[in-house]
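What follows is a single structure, written as structure tokens, with notes after it.
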Amino acid sequence: QVQLVESGGGLVQAGGSLRLSCAASGLNFRTYTMAWFRQAPGKEREFVSAISWNGGTTLDADSVKGRFTISRDNAKSTAYLQVANLKPEDTAVYFCAARGGLLFDSRTTDYTDPGIYEYWGQGTQVTVSS
């Protein structure tokens with residue numbers, strides 16, 4: 001049984017930082033692309049960042065470039081999202097997602113599409129106060 005469990009969310013003031021974690025089990029983690037999405041109340045799920053199986057390639061949404069950093073530790077089967085310089089508009093539930101395969105090519109695959117991911121976590125709430 002595949003499980004993705006997010007943690008690390010919380011309430012933080014604008015300008016603050018958090019590190020979100022996504023612990024995976026039940027899958028061969030090192031063969032999966034990992035991604036983070038977020039969903040604010042009343043809005044659609046939004047792509048944040050994605051990382052290739054070996055961490056060699058990352059893709060970030062324009063809205064988070066320079067503030068958020070995705071990473072992974074295959075030995076721990078865990079993906080991370082370091083979020084910094086948080087803004088009130090970053091308030092959302094943050095989800096991690098997994099897609100199988102060693103190929104990571106944004107020319108042929110739309111990693112911003114939530115429909116391409118096979119597994120999802122339950123989410124962790126991030127609330128940014130102004």
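Taking the six-membered ring where the residue is Trp, F68 and Y94 present tilted rings, their angle falling between 30° and 60°. Using bins of under 30°, 30° to 60° and over 60° for the plane-to-plane angle, the ring pair Y32/Y119 lands in the tilted bin.
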side-chain contact (heavy atoms from CB on, under 4.5 Å) assessment of S63 paired with R38: CA-CA 12 Å; S63 59; R38 66 186 180 185; 3.7 Å; yes
V83 vs R67, side-chain contact (heavy atoms from CB on, under 4.5 Å): CA-CA, chis, key distance, verdict: CA-CA 6 Å; V83 299; R67 300 190 299 123; over 6 Å; no
Working for side-chain contact (heavy atoms from CB on, under 4.5 Å), residues Y80 and D73: CA-CA 8 Å; Y80 303 98; D73 185 339; 4.0 Å; yes
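With salt bridges taken as basic N to acidic carboxylate O contacts below 4.0 Å, one links D62 and K65.
Follow the hydrophobic side-chain contacts under 4.5 Å out from L81 and you never reach L59; the two are in separate clusters. In this structure, V64 is a member of the same hydrophobic cluster as L18, with clusters built from ILVMFWY side-chain heavy atoms closer than 4.5 Å. Note on V93: it does not cluster hydrophobically with V48, by side-chain heavy-atom contacts below 4.5 Å among ILVMFWY residues. Note: the hydrophobic cluster containing F47 also contains I116 (ILVMFWY, side chain heavy atoms under 4.5 Å, direct or indirect links). Following chains of ILVMFWY side-chain contacts shorter than 4.5 Å, one cannot reach L11 starting from L86, and the two form parts of different hydrophobic clusters.
Summarising the geometry of E118 relative to G100, their closest heavy-atom pair is OE2-N, 2.8 Å, with the distance given to 0.1 Å. Shown here for Y117 and A50, the closest heavy-atom pair between the two residues is OH-CB, 4.1 Å. The shortest heavy-atom contact between I70 and M34 is CD1-O, 3.9 Å. Between T91 and Q125, the closest heavy-atom pair is CG2-NE2, 4.0 Å. Scanning both residues, L4 and C22, for their nearest heavy atoms gives CB-SG, 4.0 Å. For the pair F29 and A79, the tightest heavy-atom approach, listed with the atom from each and the gap, is CZ-N, 3.9 Å.
No donor-acceptor pair closer than 3.5 Å links the side chain of N74 to the backbone N or O of N54. In this structure, E6 contributes its side chain and G123 its backbone to a donor-acceptor pair below 3.5 Å. Checked by atom type and distance alone, the side chain of R72 pairs as donor or acceptor with a backbone atom of S52 at under 3.5 Å.
Taking OG1 of T127 as the start and CG of D90 as the end, the distance is 11.0 Å to the nearest 0.5 Å. The CD atom of Q82 sits 7.0 Å away from the CZ atom of R19 when rounded to the nearest 0.5 Å. Here S77 contributes atom OG and R30 contributes atom CZ; the two are 7.0 Å apart, rounded to the nearest 0.5 Å. Atom-to-atom distance recorded for W36:CH2 and D60:CG is 13.5 Å, nearest 0.5 angstrom. In this structure, CZ on F104 lies 10.0 Å from CZ on R99, to the nearest 0.5 angstrom. Here OG of S49 is found 14.5 Å from OH of Y111. Values are rounded to the nearest 0.5 Å.
In this structure the side chain of T124 reaches within 4.5 angstrom of the side chain of L20, judged on heavy atoms.
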